[in-house]
Amino acid sequence: MNGIPRYNPAQIEPKWQKHWDETGVLNASNDHTMPKFYPLIEFPYPSGAGLHVGHPRSNTAMDIIARKRRMEGYNVLFPIGYDAFGLPTENYAIKNHVHPAQVTQQNIDHFRQQLKRLGFSFDYTREDNTTDPKYYKWTQWIFLKLFEKGLAYKSEMPINWCPSCKCGLANEEVVGGVCERCGSEVVRKVKSQWMLKITDYAQKLLDGLDTVDFIEKVKVQQRNWIGRSEGAEVDFTLTSGDKLRVYTTRPDTLFGATYMVISPEHPLIENRRSLIANYEAVAAYREAAARKSDFERTELNKDKTGVRIEGIRAINPVTGTEIPVWVSDYVLMGYGTGAIMAVPAHDERDWAFAKTFGIPMIEVVAGGNIEEAAYTDIQDGVMVNSGFLNGMKVAEAKKSIIEWLTEKGLGEKKVNFKLRDWVFSRQRYWGEPIPLVKCEKCGWVAVPYEQLPVTLPAVEHYEPTDDGESPLSVMTDWVNTTCPHCGAPAKRETDTMPQWAGSSWYFLRYIDPHNDTELAAMDELKYWLPVDWYNGGMEHTTLHLLYSRFWHKFLYDIGAVPTPEPYQKRTSHGMILGENGEKMSKSRGNVINPDDVVDELGADAFRLYEMFMGAFDQAIPWSTESARGCRRFLDRTWRLMEMMTDEEGVSADLKCDVHTAIKKVGEDYERMKYNTAIAAMMSLLNRFYEKGSVTRGEMKIFIQLLNPVAPHITEEMNELCGFGGELVRKPWPEYDPAALVRDTVEVALQICGKVRGRMNVPADLTRENAEAFFMAQDEVKKLVGDKPVRKFIFVPGRLVNIVV
RNA sequence: GCUGAUGUGGUGGAAUGGCAGACACCGGGGACUUAAAAUCCCCUGCCCUCACCGGCGUGCGGGUUCGAGUCCCGCCAUCAGCACCA
């Protein structure tokens, strides 16, 4: 071919992006007779800094799958939107005295332009924006449904409070004792907060995991976070006459309980203050514990501390023995009953505590050495020193003791979860208003559905007030309203929702984004749900992913969505680190700007590099040098046009290479092994170069395989070569299994497991006739000599190993 | 501390128990060029050697196997998550 222009991504990339925009060829179709495919990436938070190189990693990966599915004949919905409520925008607004909505709009426009520059095949006609009143109308609608069903409640409780953000945080948002967003130390503060009862769904969230194809580590993390444990609650009688209820996962060790521990916040201390001889010491300990943040209380607690309560003792219900009661901060009020029975012989924490304070131990499960360490094995141990449980295995003993306790009315079987309810109020401006009204007479009343959305009023200042109330609280015109119930004067809720609200259901809105009368139409939901493949970061496993599963299950229960789970498959990408191997951040000065990379190398090379840089699920440092290598590959691909022949088919000598590549690339895309898929295409390209020519037939296949990763260059080549049509509309190539086999294969020749040579042998050589074949070869005779052959191993296509 | 993941050339990384280092990056050499860039070709794990031959090599120590980067046992290191969950 003559007159081939230079490869110029700056010219061809905008050309094809414009073409896709104008034709809408990548958009989802309304044709419900087609098989559907719904891939999803986590919609970005449109920060002022613009796109990060991390975004395109996930986006390109799913774009490859989306583009391949279109070629396979699916109706693909690959949507994009913006999770735009949130603190950075609000903080920017506070600092610069601009309305957050204005900042948000600018940022979204910038993001969209950056995303389009990278050639992602999103359907931009279905964009979500969580800050759009048409969108958050339905976020509020879902909240009201939760409120209606009793799953939203107000609670006066100690919450995590960030003094810097002046904002309450969910437990899940506190990372290592500091605020996840700003890094300030989190303190405790009592505040009346809206809570969502995610704990009501703990079992359903757990069971649902068995029905979906999430990668195993995501399932493990969610299971651990939900933290189901089976055990029993047992009542101990105290010498004060009270009953002290404990939760234990090891009721089988009840005979070994030699003391009890209550949390410093346990009500018993105040209720029986007069009976506690050393109340002063206990109160002092409690104050010390309260001063510690959760972080200190746990982190600094390598050595166990505690105070023994003088004046109250407990009676072990099975042995009748009197045992002491201690106060220690290793027992938390927020889990179980805030009190435990301590079995130092068979629990590591109890063991450490008992050692520190010289408390006796009783071995009740034989098999370990309790002088050395607590014996916690629950498989092989056999009960001893345990009355009627003696001789039983742990599992059996557990069952028996629970039956016994239930019969005697001393306790019962109990399932506990670590999962805690979701703190849903924020004292901030830039969030969805909570659509509730407080009436003196009627209490909390829902704003009627037909009045939604409750929109954010314009305010003068976006800062939370000094007492920590939302900026909305000073908007008296907005706050003062009437009760929808009785018409009396009433006040609006001024707290707003957390950022997690809008992101908990955004994938539903994509399905029917312009619907004014419903969240989304049921026939559309039935066609598109569930999301077939959702890729995102591991950091969202226990926050966003769990919250959105909770909301979805709730919506399923009220009949608003047709599937019990939102996402069928969940995969996860690794982080992109800076060139120095550290996390990319402004403060470290190692941030790579995607725009700069596209300017220098083009979007296709950028996409290619992000997929080639290493294993998709692992953290990889960025390397601009390596990225240039990917551009080199595209330059070489482009120059294939100079060596293209008029032949239509695949040449005989490359038939095997081409079909092997079709198989490998297709399978590797599906397994998210993008790096080896690209390596296979590089190898094939090298074969074309070795040969010095490529046929039209080979070229068609090659650019089709490469198209999902590098869509612009391949479309341009398709056009320049005069192949007709567009790659996005062409079918994905199929391989011919017969073409994969070669006539001869090279095998390794091993003597006693050491490689001594290589040989070409017929590919159809079988195990049966291999020994005769090899022993007749001169090369083999030379290596073996006259030593007797003790063993002969032949692995077809791989190697032969002769043991002498 | 617990849990999980990872550990392979100068670098990023390949490798259903079967030829370790695919594919790239960096580096070196050559061709082309007045020259440079670009491009093309060759070399590139380490040691010994002019070269051949050979030896050593997947964090460390054992084991299973004809054969181990891969499986088992015990360590070490790094990273991530969790923070005493009874």
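Just the heavy atoms: all of them, side chains too, but no hydrogens, waters or symmetry mates, feed the values below. The chains referred to below are lettered A, B, ... by the order of the sequence lines, with proteins before strands, and numbering in each begins at 1.
- Separating the CE atom of A:Met611 from the C1' atom of B:A14 is a distance of 18 Å, rounded to the nearest angstrom.
- For the residue pair A:Ser229 and A:Tyr247, a side-chain donor N or O sits within less than 3.5 Å of a side-chain acceptor on the partner.
- Within 4.0 Å (heavy atoms only), A:Gly227 reaches no atom of the nucleic acid at all.
- Take A:Ala202 and apply the side chain to side chain contact (heavy atoms under 4.5 Å, CB included) test, not counting sequence neighbours, and it matches A:Ile226, A:Phe417, A:Leu419.
- Across the protein-nucleic acid pair, A:Asp657 atom CG and B:C23 atom P stand 12 Å apart, rounded to whole Å.
- Taking for each of A:Arg798 and A:Ala627 the nucleotide of RNA chain B with the nearest heavy atom, the 5'-most of the two is the partner of A:Arg798.
- B:C75 and B:C85 are spaced 30 Å apart, taking the C1' atom of each and rounding to whole Å.
- A heavy-atom distance below 4.0 Å to RNA chain B is reached by these residues of residues 246-253 of chain A, ordered by number: A:Tyr247, A:Thr248, A:Thr249, A:Arg250.
- The pair A:Arg639-A:Asp635 does not meet the salt-bridge criterion, since no charged nitrogen lies less than 4.0 angstrom from a carboxylate oxygen.
- One interatomic measurement links the two molecules: CG of A:Asp617 to C1' of B:G4, which rounds to 13 Å at whole-angstrom precision.
- Among the protein residues, A:Ser229 comes within range of the sugar-phosphate backbone only, with heavy atoms under 4.0 Å from sugar or phosphate atoms but none that close to a base.
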Item checked: Derivation and outcome, salt bridge (charged side-chain N to carboxylate O under 4.0 Å, His left out), residues A:Glu42 and A:Arg570 -> CA-CA 11 Å; A:Glu42 286 164 352; A:Arg570 169 78 180 188; 2.8 Å; yes
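- Tested against A:Asp657 for a salt bridge (Lys or Arg N to Asp or Glu O under 4.0 Å), the candidates A:Arg687, A:Lys663, A:Lys691, A:Lys664 yield a single pass: A:Arg687.
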What are the atom names and distances for every N/O pair under 3.5 Å that joins the protein to nucleotides 63-71 of chain B?
unit_1 : atom_1 : unit_2   : atom_2 : d
B:C66  : OP1    : A:Lys791 : NZ     : 3.4
B:C66  : O2     : A:Asn801 : ND2    : 2.4

Between the protein and nucleotides 8-12 of chain B, which nitrogen or oxygen pairs come in under 3.5 angstrom?
unit_1 : atom_1 : unit_2   : atom_2 : d
B:G12  : O2'    : A:Met613 : O      : 2.6

Interface polar pairs with nucleotides 76-78 of chain B, N/O, under 3.5 angstrom:
none

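- With sequence neighbours excluded, no residue forms a salt bridge (Lys or Arg N to Asp or Glu O under 4.0 Å) with A:Lys243.
- Rounding to whole angstrom units, NZ of residue A:Lys691 and C1' of B:C40 are separated by 19 Å.
- When atom types are taken as modelled, the side chain of A:Tyr674 and the backbone of A:Ala61 share a donor-acceptor pair closer than 3.5 angstrom.
- Not counting sequence neighbours, the partners of A:Ile323 by the side chain to side chain contact (heavy atoms under 4.5 Å, CB included) test are A:Phe236, A:Met260, A:Ala314.
- The A:Gln618 side chain lies nearest to B:U6 when the options are B:U16, B:U39, B:U6.
- B:A68 sits 14 Å from B:G62 when the P atoms are compared, rounded to a whole Å.
- With respect to the salt-bridge test (charged N to carboxylate O, under 4.0 angstrom), the residues A:Arg245 and A:Glu412 qualify.
- Across the protein-nucleic acid pair, A:Lys673 atom NZ and B:C23 atom C1' stand 13 Å apart, rounded to whole Å.
- Remark: A:Ile340, A:Arg349 in residues 336-350 of chain A come within less than 4.0 Å of RNA chain B through at least one heavy atom.
- Between A:Arg632 and B:C26 there is a side-chain polar atom (N or O) within less than 4.0 angstrom of OP1 or OP2.
- By the salt bridge (Lys or Arg N to Asp or Glu O under 4.0 Å) test, A:Lys414 pairs with no residue at all, sequence neighbours left out.
- Taking atom OH of A:Tyr689 as the reference point, atom C1' of B:C23 lies 17 Å away to the nearest angstrom.
- Heavy atoms only, all atoms of each residue included: A:Val234 and A:Pro317 are closest at CG1-CG, 4.2 Å.
- Using the six-membered ring where Trp is involved, A:Phe794 and A:Phe774 have ring planes that are tilted, between 30° and 60° apart.
- Using a 90° window around 0 for the glycosidic torsion, B:G9 falls inside it and is classed as syn.
- Proximity of A:Arg628 to the phosphate of B:C26: no side-chain N or O atom is located under 4.0 Å from OP1 or OP2.
- In this structure A:Lys217 satisfies the side chain to side chain contact (heavy atoms under 4.5 Å, CB included) test together with A:Ile215, A:Met538, sequence neighbours excluded.
- Using a 4.0 Å heavy-atom cutoff across all strands shown, A:Asn224 reaches no nucleic acid atom at all.
- The side chain of A:Thr676 sits closest to B:A14 out of B:A14, B:A86, B:C40.
- One finds no side-chain N or O of A:Arg228 lying less than 4.0 angstrom from the OP1 or OP2 phosphate oxygen of B:C85.
- Checked against B:C26, B:C19, B:C23, the side chain of A:Leu799 finds its nearest nucleotide in B:C19.
- For A:Val747 and A:Phe616, each mapped to the nucleotide of RNA chain B holding its nearest heavy atom, the one lying further toward the 5' end belongs to A:Phe616.
- Distance noted for atom P between B:A14 and B:U8: 12 Å (whole Å).
- Proximity note for A:Asn686 (side chain, C-beta onward) versus B:C23, B:C25, B:C19: the nearest is B:C23.
- The same atom, P, is picked in B:C26 and in B:U11; the two are 15 Å apart, to the nearest Å.
- A salt bridge between A:Arg628 and A:Glu625 is present, with a side-chain N of the basic residue lying under 4.0 Å from a carboxylate O of the acidic one.
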Notebook entry, point to check: Once Watson-Crick and G-U wobble pairs under 3.5 Å are found, how is RNA chain B written in dot-bracket notation, 5' to 3', with | for any base paired to another strand?
Noted result: (((((((..(((.....[....))).(((((.......))))).(((......)))..(((((..]....))))))))))))....
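- Remark: A:Tyr330 is not in phosphate contact with B:A86, judged by side-chain N or O atoms under 4.0 Å from OP1 or OP2.
- Among the protein residues, A:Arg639 comes within range of the sugar-phosphate backbone only, with heavy atoms under 4.0 Å from sugar or phosphate atoms but none that close to a base.
- When the P atom is used for both B:C23 and B:C43, the distance is 12 Å, rounded to whole Å.
- For A:Trp225, the listed nucleotide lying nearest its side chain is B:C82; candidates were B:A15, B:C82, B:C19.
- Here A:Lys355 pairs with A:Trp351, A:Met361, A:Glu371 under the side chain to side chain contact (heavy atoms under 4.5 Å, CB included) rule; sequence neighbours left out.
- The main-chain N or O of A:Ala710 is never found under 3.5 Å from a side-chain atom of A:Arg607 such that the two would form a donor-acceptor pair.
- Here the C1' atom of nucleotide B:G18 and the CD1 atom of A:Ile751 are 15 Å apart, to the nearest Å.
- The cationic atom of A:Arg636 (NZ for Lys, CZ for Arg) lies less than 6.0 Å from the six-membered ring centre of A:Tyr689 and within 45° of the ring axis.
- Residue A:Lys414 contributes atom NZ, which lies 18 Å from atom P of B:C85 at whole-angstrom precision.
- Below 30°, between 30° and 60°, or above 60°: for A:Phe357 and A:Phe353 the angle between ring planes is between 30° and 60°, a tilted geometry.
- With both ends at atom P, the span from B:A51 to B:C46 equals 14 Å, rounded to whole Å.
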